[in-house]
Amino acid sequence: MTTNRKIEINDLRKSFGSVEALRGATLHANAGEVTAIVGDNGAGKSTLIKCLSGYHAHDAGEILIDGRRVHYASPLEARNAGVETVYQDLALADQLTVWQNIFLNRELASGIGPFRFQRRREMRQVAQSLVEGLAVNVPSVTKTVKRLSGGQRQAVAIARAVKWSSSLVIMDEPTAALGLRESAQVEALIKRIVDQGRTVLIISHNFEQVMRLSQQVWVMRGGKVVSGHRTADVTGVELVAEVTGASSFH
């Protein structure tokens, strides 16, 4: 069973040689909400989520989940702790079916040693229940991923994240490569995830999307979080001004 989790990031720092990618970033993501991070390229957004998801070890600062400090040594460690990330490349295996992608590297099996066998029927049934419960627009869980549209592929990646997440679902530009119709379907899916009580963190350059989807928005610039607002209290124009450094709205 999934529990609502609050995520806190305090004074996070990360350098690559002489380049300071994060220079003391502080933000939080409330349980059961969509929290958005916006900023120009090079603002530190990707480095921040890679620290959260175990791809990078941060140099200083802390990450807390429900008040407990965590420090993931690898993406696998983060996933095992319930932090799932949907990157722009989706990390799907094109030659495998929808259900096989959902259970990729987490296959259900019975038996011991060389006598282990996969519980294929059970995995298909679980995958089918998952996509039906999320109202995912996928024709069949037995379809290979390469036969799906861009929006359907994105939906499969999100469904997989939902299946295995217990703490946080991170989405990097969730609709960047999609048309209007498929973007709307993915946004509807994200809303359903939040309605189920998930904690969702999105990075998006689409300010209209941020205004539609999120309850909290943080602005990053130069490796720092320069401001944070309840989305209802700020406009897209004000966010653009903060991202570019044209003004500071409080």
Practice task
Considering only NZ, NE, NH1 and NH2 on the basic side and carboxylate oxygens on the acidic side, decide whether Lys6 and Asp66 come within less than 4.0 Å.
Solution key: no

Practice task
Identify, with sequence neighbours excluded, every residue that meets side chain to side chain contact (heavy atoms under 4.5 Å, CB included) alongside Gln185.
Solution key: Asn137, Arg181, Glu182

Exercise for the section: Would you please name every residue forming a salt bridge (charged side-chain N to carboxylate O under 4.0 Å, His left out) with Arg79, sequence neighbours left out? Expected result: none

Handout entry: Within residues 208-219 or reaching into it, pairs that qualify as salt bridge (Lys or Arg N to Asp or Glu O under 4.0 Å) - sequence neighbours excluded
Key = Glu187-Arg212

Handout entry: Pairs touching residues 5-37 that satisfy ring pair (Phe, Tyr, Trp, His ring centres under 6.0 Å), sequence neighbours left out
Key = Phe16-His56, His28-Trp218

Residues 124-135, side-chain donor-acceptor partners within the protein, below 3.5 Å, at least two apart:
residue	atom	partner	partner atom	Å
Gln128	NE2	Glu132	OE2	3.0
Ser129	OG	Gln125	O	3.1

Problem - Listed once per pair and sorted, the ring pair (Phe, Tyr, Trp, His ring centres under 6.0 Å) pairs that draw on residues 149-205, sequence neighbours left out - result: Phe103-Trp164

Handout entry: Residue list, salt bridge (charged side-chain N to carboxylate O under 4.0 Å, His left out) with Arg147, at least two apart or on another chain
Key = none

Completion exercise
Residue pairs meeting side-chain hydrogen bond (donor to acceptor under 3.5 Å, both in side chains), one or both in residues 17-27, sequence neighbours left out, come to none

Problem - With sequence neighbours excluded, residues passing side chain to side chain contact (heavy atoms under 4.5 Å, CB included) with Ala176 - result: Gln88, Glu173

Problem - Residues in side chain to side chain contact (heavy atoms under 4.5 Å, CB included) contact with Ala78, at least two apart in sequence or another chain - result: Tyr72, Val83

Handout entry: Check: His229/Glu238 side-chain N/O donor and acceptor closer than 3.5 Å
Key = no

Problem - side chain to side chain contact (heavy atoms under 4.5 Å, CB included) involving Gln95 - partner list, sequence neighbours excluded - result: Lys146

Practice task
Examine distances only and state if a side-chain atom of Thr199 and a backbone atom of Ala29 form a donor-acceptor pair shorter than 3.5 Å.
Solution key: no

Fill in the blank from the handout: Residues pairing under side-chain hydrogen bond (donor to acceptor under 3.5 Å, both in side chains) where one sits in residues 44-55, two or more places apart or in two chains, turn out to be Ser53-Tyr87

